[in-house]
Amino acid sequence: MAIENLFKDEATEEKGERARMASFIGAMAIADLVKTTLGPKGMDKILQSTGRGQSVTVTNDGATILKSLHIDNPAAKVLVDISKVQDDEVGDGTTSVVVLAGELLREAEKLVNAKIHPMTIIAGYRMASECARNALLEKVIDNKLDAEKFKEDLMNIARTTLSSKILSQDKEHFAKLAVDAVMRLKGSTNLESIQIIKKTGGALTESFLDEGFILDKKIGVGQPKRIENAKILVANTAMDTDKVKIYGARVRVDSMAKVAEIEVAEKEKMREKVQKIIGHGINCFVNRQLIYNFPEELFADAGVLAIEHADFDGIERLGLVTGGEIASTFDNPESVKLGHCKLIEEIMIGEDKLIHFSGVAMGQACTIVLRGASPHMLDEAERSLHDALCVLSQTVNDSRVLYGGGYPEMVMAKAVDELAKKTPGKRSHAIEAFSRALVAIPTTIADNAGLDSAELVAQLRAEHHKEGSNAGIDVLTGSVGDMAKLGISEAFKVKHAVLLSATEAAEMILRVDEIITCAPRRREDRM
Amino acid sequence: MALAFDEYGRPFIILREQDQKTRLRGLDAQKENIAAGKAVARILRTSLGPKGMDKMLQSPDGDVTITNDGATILELMDVDNQIGKLMVELSRSQDYEIGDGTTGVVVMAGSLLEQAEKLLERGIHPIRIAEGYEMASRIAFEHLERISHKFEFTEADMEPLIQPCMTTLSSKIVNRCKRAMAEIAVKAVLAVADLERKDVNLDLIKVEGKVGGKLEDTELIYGIVVDKDMSHPQMPKQIEDAKIAILTCPFEPPKPKTKHKVDIDTVEKFQTLREQERKYFDDMVQKCKDVGATLVICQWGFDDEANHLLMHRELPAVRWVGGVELELIAIATGGRIVPRFQELTTDKLGKAGIVREKAFGTTKDRMIYIEHCANSRAVTIFIRGGNKMMIEETKRSIHDALCVARNLIRNNSIVYGGGSAEISCSIAVEAAADKHPGVEQYAIRAFADALDAIPMALAENSGLQPIETLSAVKAQQIKENNSCCGIDCNDVGTNDMREQNVFETLIGKQQQILLATQVVKMILKIDDVISPSDY
């Protein structure tokens, strides 16, 4: 007897083949969606938000595209998730990871149709991924000891990462920017001390790296515009009305005169506070919160530069680079650490005035000022640069490097193929499928560039059968080239993460044989 | 239906608004209920065993969960049917009691119901069936006791504990590194176990996950990991030999619970109030400093001013730490949770060898590690994985493994897995059935058939011929008088579970049989279902 209402209304259940099909199709749809953005000749996507203003984003970054999609298919959500994690962990390869997972599932679908049990496929994929990992490890190049070569590696990686983005025209320029910025960090992966400021106007090539720190704020009226040997107090304190924080306190008076008295007292309190701050022997005061006119005037009188409403990040970064501490009380001037910098001045970029701190105590910090024609362009440039910075900073820590241009995929595919030949049993089909999925990445790169992918990939495969080949796809000339000579490199960490998370995600989706969707929560209709 | 007439022929109503209700009674009711129970069991059947598949569940808010854990599947399944809910409860109680075998218990109950249906058709009264089941379950229970083995382990030799944990984990997605996971689980349990009382407080094991890295990076930390960062960005990121003040009072001006108002009506009052406020913050920080604390962990927030004062006095602090975490920190560091600044004394401080802040990935994710604590009786299992679903599933798997290890410490008897225990019980129950006079004999025999369902499902999920495999194994068990023969799910080539190292806990198995029988008895006793029909 079939039971009809086991689940709540609107809850649906899909079983066996249907469930598998739903997840395969969902995952492949997502992979196909971002597929065309892969590689140096990949295309961009326009995303229009549904929110107010319908703001438009033009991007090539897989994670950004997927983040903005509203997806209903549960399997597709798994892919979006891995792309997000890839972004958080290594910053680049967000498209590759989704495409690889999609291809793995596409191959798995064929195998399932050929009546191979998903568990067998998973076992094969696991063996293949382990084997591919080892193959990659054999091919890595580590130039950590040779500083000159290492820098060259970094430049290559930066160029390769940027070449698929909007910055590809000026990739030389930006690669240098990114490498310089990361080299300043001296091995830390803390990207907070690299600040990116976007200003519309000018051309992309006019973007520059500044050694100091730039704060996008204005200097108060009547205060000095240029300070040499500045002593900076970085603060987070109320400079509007300093409220009495004791709970339940309120002012209750019986005459206007008293009100006036209290107002005077309040003013006095503020004056005292300002005096205390000035008493630190500073000539620049940066506050996270607002500074009202009255204290600002007092600061101006004392010849102190006061900057209000620097946001939280700005304050933290300023504290970091100038070596000062973020203060909220001012009773012990002798023990508060002040920040120092050689020069503070107001500079103009385009139409806007900015405050520039140069010669800061900590040499690690720097600012990259991006210029570009439109806000969309700048947003995309920032994302691209962020990707490059992430990859570079990870590479500084883990200096292993691989050639790019489909080279690692071919290396892995070759090793996996060898394994398939040696493995007895049904698993070998799955291992073969894994290698096909790997080859799909260079194929996609070639396809996106409008090249004859079948021909190129076949050539590439033949090339790779020679010992010690460095062959990869040279998209610009449309032929197989030597990646070592072309200087196309990728970080090992990125490829490694792509391989692992794609396999993990594919495995997860393959294991599913039933999808139960609960009834969507009803939104209460408001008037 | 529920309409009666009194002696004057006037109708009176027994069931209010009966036209709006549907009613099923007698055999129909029982069949309907059995069908519902079976439907739930059918869903879980494919998740059983090392080759079992996962289920993907989408919650009302659109979040996706992928899991193999029976209790979790049922919990999230949004079951509306009353009998279906009973099955959900069944799985949950297995989860609470034992922690593992949540899928098996439902499959077992489903197959008991299936057998009962056949008996009902033959005209056997449900109560007789229920009684027969009860007797059979007692026989199986005792039989399990007989075929169980004692398992000796010491703190140095963890191997016997690791094996059963590996059996549990092998059906989950983490089976890629089940050895490492099982070791982590056993070490964690042993660290917090009270071997003399044979008890383990699993609350002392905190399972924390962070997306990123890979499964192999999962680690056991003898200490606590808190998903927070230092309250002030410039506080030191590493503190050695920390003395920790654990506070549940905020670094904020006092807020008495009684309503009050402080009236300011003169300038003097305004100024004294200001002075007091400043002093108040100063006092709070000074108190912490005075008792010698080098780290403050607080359940509440800090005022900006207090925050800076803490920074200023070189007293690192962590704010907004949850209540449970606070307790764990207190246990681990041997400190006392202090609710008021006045009560802060030196001996209430907790001690930890090292406290450090660790950053992850390219985003600004930070966590605080408190390690080398005075009392290492609180540990954290820190899971890394490719994506959020993976982490959640790993958490559930680790929980199962922890429960298995705990059960073994409580009672170190084991039975062999792979369906061998069920087959052995089935043989014993079958033999007992023949000796029993009366109608119950049929029910007892049906129980034996129902026990076969679990090995059958295992074989089916592993891609083997279920009936063929089962009969072969059963014949082998009787011939060799060996209760360790089970289904060879992993295609190893032997079906002796002793060689395959597939173990399950005795109490887990016993509990499964008892719970399943209880629920089935309850369902069988229902002969009338009245439910409001759709409106």
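Every chain is numbered from 1, with letters handed out A, B, ... down the list of sequences. Heavy-atom basis, side chains included; hydrogens, waters and symmetry copies ignored.
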S.K.: Go through the atoms of E272(A) and report whether side chain, backbone, both or neither lie under 4.5 Å from a heavy atom of chain B.
M.R.: side chain
S.K.: Decide yes or no on side-chain contact (heavy atoms from CB on, under 4.5 Å) for K55(B) and D513(A), but give the supporting numbers first.
M.R.: CA-CA 6 Å; K55(B) 309 279 173 242; D513(A) 78 332; 2.6 Å; yes
S.K.: Select one option (side chain, backbone, both, neither) describing which atoms of I122(A) are under 4.5 Å from chain B's heavy atoms.
M.R.: neither
S.K.: Which pair of non-hydrogen atoms, one from V78(A) and one from M389(B), has the smallest distance, and what is that distance?
M.R.: CG2-SD, 3.4 Å
S.K.: Contact part of A75(A) toward chain B, heavy-atom cut-off under 4.5 Å: side chain, backbone, both or neither?
M.R.: both
S.K.: Based on non-hydrogen pairs under 4.5 Å, which of P74(A), S23(A), S501(A) is most in contact with chain B?
M.R.: P74(A)
S.K.: Find the distance between CD1 (I515(A)) and CD1 (I66(B)) and round it off to the nearest 0.5 Å.
M.R.: 9.0 Å
S.K.: Check whether L500(A) gets within reach of chain B through its side chain, its backbone, both or neither, counting any heavy atom under 4.5 Å.
M.R.: side chain
S.K.: Counting only heavy atoms not in R427(A), do more than 12 fall under 6.0 Å of its CZ?
M.R.: no
S.K.: What part of M508(A) gets closer than 4.5 Å to chain B, counting heavy atoms only: side chain, backbone, both or neither?
M.R.: both
S.K.: Check step by step if side-chain contact (heavy atoms from CB on, under 4.5 Å) holds for K388(B) and K84(A).
M.R.: CA-CA 10 Å; K388(B) 208 171 74 227; K84(A) 223 181 281 172; over 6 Å; no
S.K.: How close do N461(B) and H117(A) get, heavy atom to heavy atom, and via which atoms?
M.R.: O-NE2, 4.1 Å
S.K.: Looking at G52(B) and R511(A), what are the two nearest heavy atoms and their distance?
M.R.: O-NH2, 3.9 Å
S.K.: Rounded to the nearest 0.5 Å, how far apart are CD of E514(A) and CE of M77(B)?
M.R.: 8.0 Å
S.K.: Applying side-chain contact (heavy atoms from CB on, under 4.5 Å) to R20(A) and M53(B), what does each step give before you reach the verdict?
M.R.: CA-CA 11 Å; R20(A) 214 166 278 140; M53(B) 305 294 277; 3.4 Å; yes
S.K.: At a heavy-atom separation under 4.5 Å, does L76(B) approach chain A through its side chain, its backbone, both, or neither?
M.R.: backbone
S.K.: What's the spacing between T65(B) OG1 and I516(A) CD1 if we round to 0.5 Å?
M.R.: 11.0 Å
